[in-house]
Enquirer: 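Sending over a structure as structure tokens; questions will come in a sec.
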2 protein chains.
Amino acid sequence: MAVTIKDIAREAGVSKSTVSAAMNDSPKVKNETKERIKKVAERLGYVPHIGARELITNKKLNLGIMNLITYQADGDIKNSYFNQAYEPTYYDMASVIMTEISKTKYGLLIERIQIGQGELSLPSFLTSGRVAGVFVVGTMHTRDYIMRLKEYTDNVVVVGGNKSDICDCVRNDYTQAIYTAVRYLIDNGHKSIAFVNGDTLSQASDDKLLGYKLAMADANLPIDSNLVVNARFTGRAGYDAVRKIFESSKKAPTAVCFSADVMAVGAMRYFYENGIRVPDDVSIIGFEDTCLAEFSNPQLTTIDRNKRRLGLEACRLMLSKLENPKRGFQDIVVPFSLVIRGSVKDLTSK
Amino acid sequence: MAVTIKDIAREAGVSKSTVSAAMNDSPKVKNETKERIKKVAERLGYVPHIGARELITNKKLNLGIMNLITYQADGDIKNSYFNQAYEPTYYDMASVIMTEISKTKYGLLIERIQIGQGELSLPSFLTSGRVAGVFVVGTMHTRDYIMRLKEYTDNVVVVGGNKSDICDCVRNDYTQAIYTAVRYLIDNGHKSIAFVNGDTLSQASDDKLLGYKLAMADANLPIDSNLVVNARFTGRAGYDAVRKIFESSKKAPTAVCFSADVMAVGAMRYFYENGIRVPDDVSIIGFEDTCLAEFSNPQLTTIDRNKRRLGLEACRLMLSKLENPKRGFQDIVVPFSLVIRGSVKDLTSK
DNA sequence: CTGAAAGCGCTTACAG
DNA sequence: CTGAAAGCGCTTACAG
């Protein structure tokens with residue numbers, strides 16, 4: 001049996017109420033008594049019972065994080081990383097949140113949720129009433145889905161998605177980000193630039209396309225609709241996208257902007273297999289800055305979303321909402337940055 | 001306010017005891033009453049209060065998973081993926097566990113723990129008494145550390161570590177695995193084979209070294225001690241290891257076996273930068289089968305640890321221990337398999 | 001400043 | 001087969 005406030009009360013010669021007040025640093029308890037009680041608690045190895053506390057305060061002391069998984073055969077992590085959604089991105093985001101939340105009084109539950117296949121399943125930590133709030137990671141959800149979550153809790157923070165009027169959001173300015181990427185290609189002398197956009201179901205795809213169009217327009221470059229395609233967030237999709245572009249175009253583009261690193265690195269396989277050299281024959285740029293970008297050869301030039309900051313802000317928002325449930329929803333836009341590595345060739349100095 | 005058994009009792013015209021028994025499918029309740037009660041519960045949207053249940057049963061209804069992180073500056077996920085421990089491996093393992101545990105009555109808490117820097121920190125879900133058991137992912141821990149964990153719970157399952165007499169273990173036969181990898185190189189005609197082993201602190205390094213030695217001995221191949229090095233589990237370490245080997249050897253080895261994919265792919269950067277072609281000039285083989293292996297060019301031949309099976313067995317062990325706390329500790333060895341891709345050249349057909 | 005009492009939502013003997 | 005009572009470990013008014 002674990003030690004309880006009753007044990008401490010007996011040992012310290014005070015009542016349970018006093019122990020409780022002392023452990024919660026209530027100003028009602030004399031400092032001397034408080035210290036004596038705390039010392040006893042320490043000695044006895046007292047750990048408050050979370051369940052009892054949740055019961056009496058009518059507040060949950062856990063938070064949940066849900067990774068929205070798509071394109072994957074039923075929980076099977078084998079089945080080729082190349083063909084499925086690239087999950088390490090979720091982990092990067094989640095890992096910051098884990099570290100931050102572990103410093104608070106909350107525990108952090110985690111669940112992977114498969115969505116996009118008919119009915120939307122909900123995380124069981126939500127439906128079983130375990131959590132005081134949830135972090136939703138990823139862009140592949142709809143407003144309706146968030147509404148479903150909100151039947152269980154009002155404390156929803158979407159990390160790396162889009163602006164929403166029904167929950168807190170932490171995200172990047174996707175239009176500006178892709179604009180910056182394409183602009184960088186243009187500044188390096190590229191004129192024929194393909195754009196491999198993300199999934200049509202992703203909330204960010206429209207913003208990204210706008211960024212591409214704006215950058216091209218600002219440089220007075222015409223847009224060839226054959227060079228703009230949508231693809232899923234997998235290596236395979238990136239591979240297929242560039243194959244289609246390079247096999248069908250009379251004159252291949254000199255550069256390709258991808259709306260996710262995973263597609264860019266997938267495309268590198270196509271280039272490698274076909275003797276098309278990066279960056280000598282084609283320049284490419286990604287978006288996200290995953291480990292894939294740093295481990296590829298050449299290393300991928302990309303846009304760093306600042307996942308650490310994204311996670312930090314998400315925690316801040318969650319904690320503030322928990323403190324002050326009535327405050328309005330917030331939308332935090334985190335700055336991104338261009339990471340120049342080795343996949344873009346400068347055509348101007350040539 | 002959430003609906004409680006009291007509400008259901010009133011609505012169904014029975015006592016709280018009966019509601020409780022009915023919801024727990026006790027045989028003591030007549031089927032007819034049971035169904036009536038369940039229907040009411042359903043209609044009212046009843047969700048049992050986990051905390052209350054934990055309190056009265058004196059059992060925790062959450063489990064914890066801890067990812068043992070090494071080589072990393074204080075929770076900072078930026079700071080170069082190339083230079084730090086490769087975490088997606090943890091995520092792969094954890095992801096299977098998430099999926100499995102979400103099907104049970106347990107919730108799953110997650111935490112990243114930095115170890116190997118002086119004092120061993122414990123996950124707060126353990127010290128705060130939230131969990132009924134913990135999954136420990138990774139090889140970078142000591143027996144002492146497991147003992148520390150066991151001060152809090154007897155239900156510890158180490159996933160992907162080594163055999164232990166004080167907890168359940170799910171792992172691979174590292175000696176056999178590396179033997180198989182090296183043997184594959186030998187079968188492809190390689191005679192001068194370097195071995196980049198893992199961190200000296202990893203529990204598996206000794207086993208792996210043995211596998212290398214056995215394979216070489218079985219083929220009557222001499223071991224050049226200059227070709228056997230230890231390295232940390234980072235891309236940078238793999239890079240540095242092969243640089244050292246290739247810069248110092250008079251005759252470079254024709255093949256290198258790495259005890260982790262992350263090091264192999266890190267080494268590919270060195271080869272790429274120095275115009276050493278894989279597999280034409282040097283053959284390499286990894287261990288683990290991470291996404292890095294599939295996304296590299298050429299794709300990395302490696303050993304698949306069968307992470308899915310590893311995670312599945314870990315869950316099975318945890319659940320069985322929870323059911324039957326007195327059973328002895330088990331040691332499950334999961335079969336691995338060789339995944340042949342494009343990083344090994346066949347010298348025999350030449 | 002300290003203590004006695006009530007009660008959160010559940011389960012578990014025990015009585016009928 | 002069903003119900004009344006006790007109690008898990010805590011916090012929160014309230015009384016002194």
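This one's a predicted model, so the numbers in the text were calculated from it and none came from an experiment. So that the names make sense, note that chain A is the first sequence line, chain B the second, and so on, each numbered from 1.
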Enquirer: Taking for each residue the nucleotide of DNA chain D bearing the nearest heavy atom, is the 5' side occupied by A:K16 or by B:V29?
Expert: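 Taking each residue's closest nucleotide, the earlier one in sequence belongs to B:V29.
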Enquirer: Just to confirm, is there a sub-4.0 Å distance from OP1 or OP2 of D:dC10 to any side-chain nitrogen or oxygen of A:S20?
Expert: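 The answer is no; no side-chain N or O of A:S20 sits under 4.0 Å from OP1 or OP2.
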Enquirer: Between A:V14 and A:T57, who's closer to the 5' end of DNA chain C by nearest nucleotide?
Expert: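 It is A:V14, whose closest nucleotide lies nearer the 5' terminus.
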Enquirer: From CG of A:L61 over to P of D:dG9, roughly how many Å is that when rounded to an integer?
Expert: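 In whole Å, D:dG9 P lies 17 Å from A:L61 CG.
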Enquirer: So which of B:K150, B:K321, B:K60 actually passes side-chain hydrogen bond (donor to acceptor under 3.5 Å, both in side chains) with B:N155?
Expert: B:K321
Enquirer: A:K6 has an atom NZ; how far is it from atom P of D:dC8, in whole Å?
Expert: 5 Å
Enquirer: Roughly how many Å is it from CG in B:N58 to P in C:dC10, rounded to a whole number?
Expert: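 Nearest whole value for this atom pair: 18 Å.
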Enquirer: Without hydrogens or angle criteria, can the side chains of A:R112 and B:T99 be said to hold a donor-acceptor pair below 3.5 Å?
Expert: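 Yes, B:T99 and A:R112 have a side-chain donor paired with an acceptor closer than 3.5 Å.
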Enquirer: May I have the distance from B:K105 (atom NZ) to C:dT11 (atom P), rounded to whole angstrom?
Expert: 11 Å
Enquirer: Does B:R316 come within less than 4.0 Å of B:D168, counting only side-chain N to carboxylate O?
Expert: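 No, no charged N to carboxylate O under 4.0 Å.
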Enquirer: According to ring pair (Phe, Tyr, Trp, His ring centres under 6.0 Å), who are the partners of A:Y86, at least two apart in sequence or on a separate chain?
Expert: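 Applying ring pair (Phe, Tyr, Trp, His ring centres under 6.0 Å) to A:Y86 gives none.
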Enquirer: So, do B:N172 and B:L310 sit near enough that their side-chain heavy atoms are less than 4.5 Å apart?
Expert: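 Of all side-chain heavy-atom pairs linking B:L310 with B:N172, at least one is under 4.5 Å.
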Enquirer: Between B:S17 and D:dG3, is there a contact of a side-chain N or O with OP1 or OP2 at under 4.0 Å?
Expert: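 Negative; the distance criterion is not met.
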Enquirer: Please determine if a side-chain N or O atom of A:S15 lies less than 4.0 Å away from the OP1 or OP2 oxygen of C:dG3.
Expert: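 Yes, A:S15 has a side-chain N/O under 4.0 Å of OP1/OP2 on C:dG3.
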Enquirer: Should stems be defined as at least three consecutive Watson-Crick or G-U pairs with both distances under 3.5 angstrom, which of them involve DNA chain D?
Expert: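 When the pairs of DNA chain D are grouped into runs of at least three, the stems are C:1-3 with D:14-16, C:5-12 with D:5-12, C:14-16 with D:1-3.
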Enquirer: Any ion pair linking A:R36 and A:E32 (charged N to carboxylate O, less than 4.0 Å)?
Expert: no
Enquirer: Calculate the interatomic distance between B:K30 atom NZ and D:dG3 atom P; express it in whole Å.
Expert: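 The distance from NZ of B:K30 to P of D:dG3 comes to 10 Å, rounded to the nearest Å.
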Enquirer: Could you identify which residues of residues 35-47 of chain A place a heavy atom less than 4.0 Å from some atom of DNA chain D, listed by residue number, or say none?
Expert: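 Those residues whose heavy atoms fall under 4.0 Å from DNA chain D, taken from residues 35-47 of chain A in numerical order, are A:Y46, A:V47.
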Enquirer: So, does A:R53 get its side chain near the phosphate of D:dT11, meaning an N or O under 4.0 Å from OP1 or OP2?
Expert: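 Answer yes for this pair, as a side-chain N or O of A:R53 is under 4.0 Å from OP1 or OP2.
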Enquirer: What is the distance, rounded to the nearest whole Å, between atom CD1 of B:I5 and atom P of D:dA5?
Expert: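 To the nearest whole Å, that distance equals 15 Å.
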Enquirer: Among C:dT2, C:dG7, D:dG3, which nucleotide sits nearest the side chain of B:T18?
Expert: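 Of the options given, the side chain of B:T18 lies nearest D:dG3.
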Enquirer: On the nucleotide D:dT2, are OP1 or OP2 found under 4.0 Å from the side-chain N or O atoms that B:T33 carries?
Expert: yes
Enquirer: Going by heavy atoms in the side chains, are A:D25 and A:K38 under 4.5 Å from each other?
Expert: yes
Enquirer: Base, sugar-phosphate alone, or nothing: which one does B:K28 contact when heavy atoms must sit under 4.0 Å apart?
Expert: base
Enquirer: Ignoring hydrogens and geometry, is there a side-chain-to-backbone donor-acceptor pair from A:K34 to A:S26 under 3.5 Å?
Expert: yes
Enquirer: Cut-off 3.5 Å, side chains only: do A:T139 and A:S202 have a donor facing an acceptor?
Expert: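 Per modelled atom types, A:T139 and A:S202 side chains form a pair under 3.5 Å.
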Enquirer: Provide, to the nearest angstrom, the distance between the CD atom belonging to A:E54 and the P atom belonging to D:dT11.
Expert: 12 Å
Enquirer: Quick one: A:H49 NE2 to C:dC8 C1', roughly how many Å, whole number?
Expert: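 Nearest whole value for this atom pair: 13 Å.
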Enquirer: Of the nucleotides D:dG3, C:dT11, D:dC10, which has the atom closest to the A:P48 side chain?
Expert: D:dC10
Enquirer: Can you give me the closest heavy-atom contact between A:M93 and A:V159, atom names plus distance?
Expert: CG-CG1, 3.8 Å
